[in-house]
Amino acid sequence: MKSQEIRQKFLSFFEEREHLIVPSAPIVLKDDPTLMFNNSGMAQFKEYFLGNAKPKSNRIADTQKCLRVSGKHNDLEEVGIDTYHHTMFEMLGNWSFGDYFKKEAINWAWELLTEVYKIPKDILYVTVFEGSKEENVPFDQEAYDIWKGLISEDRILLGNKKDNFWEMGDQGPCGPCSEIHVDIRSAEEKAKIAGKDLVNADHPQVVEIWNNVFMEFNRKADGSLEKLPAQHVDTGMGFERLCMVLQGVQSNYDTDVFTPLIAKVSELTGAKYTIKAANEEEDKVNIAIRVIVDHVRAVAFAIADGQLPSNNGAGYVIRRILRRAIRYAFTFLNKKEPFIYQLVDVLSTQMGDFFPEITSQRDLVKNVIKEEEASFLRTLEQGLHLLDNVIAQTEGKVVSGAKAFELYDTFGFPIDLTALILREKGLELDEAGFDAAMAEQKNRSRAASEVSTDDWTMLVSGNVEQFVGYDQLENDVKITRYRKIDSKKDGKLFQIILDATPFYPEGGGQVGDCGVLVSANETIKVIDTKKENNLILHIVKELPSNVNASLVAKVDVEARKLSMANHSATHLLHQALRTILGTHVEQKGSLVSPSHLRFDFSHFAKVTDEELQQIEDFVNDRIHEQLPLVERRSIPMAQAIAEGAMALFGEKYGDEVRAIRFGDSMELCGGTHVNNTADIWQFKIVSEGAVAAGIRRIEAITNKAARNFYTEQEDTLKELKIVLKNPQDTLKAVVSLQDENAKLKKQVEQLLREKAKNLKGELKGQIEEVDGVSFLAVEVDLDASGAKDLAYELGNEFTNLFVLFGSVSNDKPMLTCYVSKEIVETKGLNAGQIVRELGKYIQGGGGGQAFFATAGGKNPAGIAEAVLHAKDYLK
């Protein structure tokens with residue numbers, strides 16, 4: 001059975017049982033600060049389990065793209081080493097929100113596996129929760145009794161809290177689970193040891209394929225459990241493992257999920273993948289190929305969903321995954337040129353029908369991966385040189401762990417590659433020193449980001465919260481719930497939920513509102529507004545003295561209006577870019593704040609000055625046309641798209657959406673906007689540049705910031721006129737001044753050359769013979785260029801020459817050292833090392849090549865001492 005058919009049969013099975021089939025949510029999460037990525041099928045449904053929103057159906061099924069490479073679930077280092085862990089994987093799932101429970105979930109799971117997929121019953125085992133006295137949760141007798149009617153009791157195993165009690169996180173919904181495991185070993189292997197003894201023992205052919213979680217409890221901040229008001233079912237089946245079982249192979253990588261990718265890697269590299277490695281070398285090649293084909297899926301889908309590789313947050317995780325794949329190819333497949341990007345075409349063919357984003361974003365994904373490959377291969381080359389330097393400076397056989405950590409942390413050079421190269425050279429790595437440096441960094445990072453959250457204190461029950469901020473900036477409100485959070489970074493804060501808030505929560509690129517909550521006798525400052533699991537969180541440093549009192553919520557009007565102007569301008573900018581550069585342009589990220597806007601978009605060339613002017617003019621023309629806002633709330637998604645609305649990849653939209661139109665510009669958007677483009681006042685681009693391969697960024701200002709910009713420009717022009725003594729033509733006066741300056745500069749250069757020529761004659765007489773070396777160390781009145789030229793001229797006339805010049809230019813001391821190549825080789829002198837050591841006298845440092853180097857510093861008075869000690873190197 002092909003993988004596409006396996007996936008479709010699952011969805012059809014549950015659709016026949018009245019489940020609504022929903023698309024996969026983006027792999028990158030936008031509105032959940034507790035998670036970077038969707039790491040399980042249930043992540044997109046958290047708000048339903050928490051009771052913060054109502055699902056469109058009480059029964060849902062889907063296949064969800066998941067990524068487990070950070071936080072609690074981190075399988076990265078196992079990926080490729082074994083045959084069943086993955087970074088990205090698909091989770092097939094069916095869900096019940098307060099509808100059916102254990103009986104239906106278990107019976108349907110058994111029916112699908114044994115009757116639809118025809119998996120033999122005698123290779124299946126199931127587990128149920130054995131109970132926990134510590135948690136005061138009993139043995140799951142109900143699940144056990146249901147399974148007893150389907151499978152022999154010797155195949156029903158009891159599992160502990162670690163294996164059979166599933167939790168969303170440290171807090172939140174949780175409950176016992178019942179897993180289904182499959183034993184696909186050979187008959188000979190089964191005769192040696194029973195399958196039940198290998199369940200949950202990390203055996204590659206005795207694996208869990210499906211987990212049925214029964215959400216019955218809520219985990220509170222103090223660790224205690226309370227019963228949920230409704231019971232839910234949350235199931236997850238590993239698609240790749242299911243394909244392994246149904247296709248009769250012993251590894252996920254031998255299924256048609258991966259074999260087309262493996263074949264392409266072999267074609268591009270010449271490396272052969274063997275199902276059973278015959279020796280260590282074959283095993284290394286196998287691991288490298290598995291790493292590459294796994295990692296390219298994770299990286300490609302993350303980029304398609306809008307997450308570019310970067311140096312922080314989710315972007316850093318994606319970059320790290322890709323770099324791991326590049327490094328394995330570099331080390332074990334001897335690939336020194338980009339090639340992984342070419343696998344994206346195979347992915348698109350394989351998965352485009354179910355996940356259309358990988359096809360529509362294919363060119364962008366390929367370009368980003370190709371550029372990242374090229375960049376990291378350059379880093380690896382640089383790292384090899386740096387590692388050679390570290391080895392050269394190492395005395396003995398053990399290389400410093402701290403130095404290896406510096407290579408890893410500063411330059412991104414992988415530690416396992418460092419260890420491999422050292423072993424090949426007969427050296428060892430101080431692993432304890434590396435681990436200590438890594439632990440110290442992690443502790444600093446963890447301390448900076450650590451946050452603890454209390455339970456919600458509920459004041460009003462039910463889902464009464466709503467957002468009224470599209471229509472008003474001030475509103476009478478009551479607090480419905482609140483909780484305390486302790487952050488190492490920000491200290492003690494509180495999150496408040498209001499029944500009808502005018503505060504816009506951070507989202508869609510727009511920053512959250514700030515403002516105040518006012519009662520009869522106090523004012524509480526709202527410092528930020530965010531969204532989490534469908535709740536709008538108002539961040540405050542203190543609670544009102546009476547949390548039950550009526551309050552007036554007041555948004556900071558000026559900041560909101562400036563954000564609105566910038567947000568509406570991003571829509572006009574998007575339209576301008578697609579009109580002037582082409583319809584290939586798509587928004588890839590944005591920031592909308594009161595002070596400015598930032599807009600990232602797909603485009604494969606630098607935007608020219610002429611194009612930038614056309615874009616700016618286009619937006620300003622729309623502003624001056626005074627286009628009114630046409631806002632449509634709660635219209636069907638399909639209708640909005642049919643009418644021409646732009647939707648952004650990587651965003652999660654519901655069945656009903658909000659559409660914003662200004663003239664011909666129409667986009668799906670939840671942000672706040674001006675009522676008329678005239679309110680934007682003026683649009684001014686302040687910068688344009690590259691963010692990543694195929695991604696450009698424009699930063700711009702509007703409204704008050706634009707007015708300030710033009711005022712500053714006008715003030716600068718006035719000051720310039722005063723300095724130039726009020727010429728009739730300011731530009732002509734500046735050009736004339738530049739011409740005059742160029743002539744004077746040439747005259748100065750000529751004078752300096754003559755001065756150096758005269759100085760050369762004087763200095764030749766000061767050269768002395770020291771131990772067979774022509775030696776000169778002296779202070780000179782020359783700039784950096786003059787000192788270098790003079791040193792080289794002397795070097796052309798004298799062999800075995802050692803020169804040190806001390807000089808001061810623009811109040812900054814400088815040392816210039818020249819060593820003839822003959823004595824670099826015969827006496828082991830190194831100009832770079834010499835200026836580094838003499839640089840301490842001028843409170844500075846420097847470096848360069850063995851025959852020429854310079855150093856700069858802060859203490860001109862130290863030049864004399866540096867010159868004095870130069871002779872020490874010849875003694």
Would a distance-only check, ignoring hydrogens and angles, find a side-chain to backbone donor-acceptor pair under 3.5 Å from [X] to [Y]?
X	Y	answer
Thr583	Thr579	no
Ser568	Met564	yes
Arg696	Phe601	no
Gln307	Ile318	no
His232	Gly98	yes
Asp256	Ser3	yes
Arg658	Cys669	yes
Asn676	Ala678	yes
Arg578	Val585	yes

Using only heavy-atom distances, determine whether the side chains of [X] and [Y] contain a donor-acceptor pair under 3.5 Å.
X	Y	result
Thr480	Glu465	yes
Gln64	Gln44	yes
Arg319	Asn311	yes
Gln8	Lys2	no
Ser57	His19	no
Asp617	Gln614	no
His673	Gln510	no
Thr570	Ser590	no

Can [X] and [Y] be counted as an ion pair, charged N to O under 4.0 angstrom?
X	Y	result
Asp679	Lys561	no
Glu372	Lys370	no
Arg7	Glu90	yes
Lys65	Asp305	yes
Lys54	Glu47	no
Arg661	Glu667	no
Lys530	Glu532	no

field: For the student: nearest non-hydrogen atoms of Ile685 and Leu612, plus distance
entry: CD1-O, 3.7 Å
query: Looking at Ile641 and Ala645, what are the two nearest heavy atoms and their distance?
result: CD1-O, 3.6 Å
query: Quick one: are the ring centres of His574 and Phe599 less than 6.0 Å apart?
result: yes
message: Less than 6.0 angstrom separating the ring centers of Phe503 and Phe467, yes or no?
response: no
- request: Kindly confirm or rule out a cation-pi arrangement of Arg622 over Phe618, judged by NZ or CZ under 6.0 Å from the six-membered ring centre and within 45° of its axis?
  value: yes
- prompt: For Trp681, is the NZ or CZ atom of Arg707 found under 6.0 angstrom from the centre of its six-membered ring and inside 45 degrees of the ring axis?
  reply: yes
Greater than 12 external heavy atoms within 6.0 Å of [X]'s [atom1]:
X	atom1	value
Asp471	CG	yes
Glu610	CD	no
Lys606	NZ	yes

message: Among Glu699, Glu712, Glu616, exactly one meets salt bridge (charged side-chain N to carboxylate O under 4.0 Å, His left out) together with Lys684. Which residue is that?
response: Glu616
- line: When Lys531, Arg560, Lys554 are each screened for salt bridge (charged side-chain N to carboxylate O under 4.0 Å, His left out) with Asp513, the one that passes is Arg560
Nearest 0.5 Å, what's the [atom1]-[atom2] distance between [X] and [Y]?
X	Y	atom1	atom2	answer
Glu5	Ser12	CD	OG	10.0 Å
His624	Asn620	NE2	CG	5.0 Å
Leu364	Leu308	CG	CG	7.0 Å
Asn566	Thr702	CG	OG1	3.5 Å
Ile680	Ile701	CD1	CD1	13.5 Å
Phe239	Cys66	CZ	SG	12.5 Å

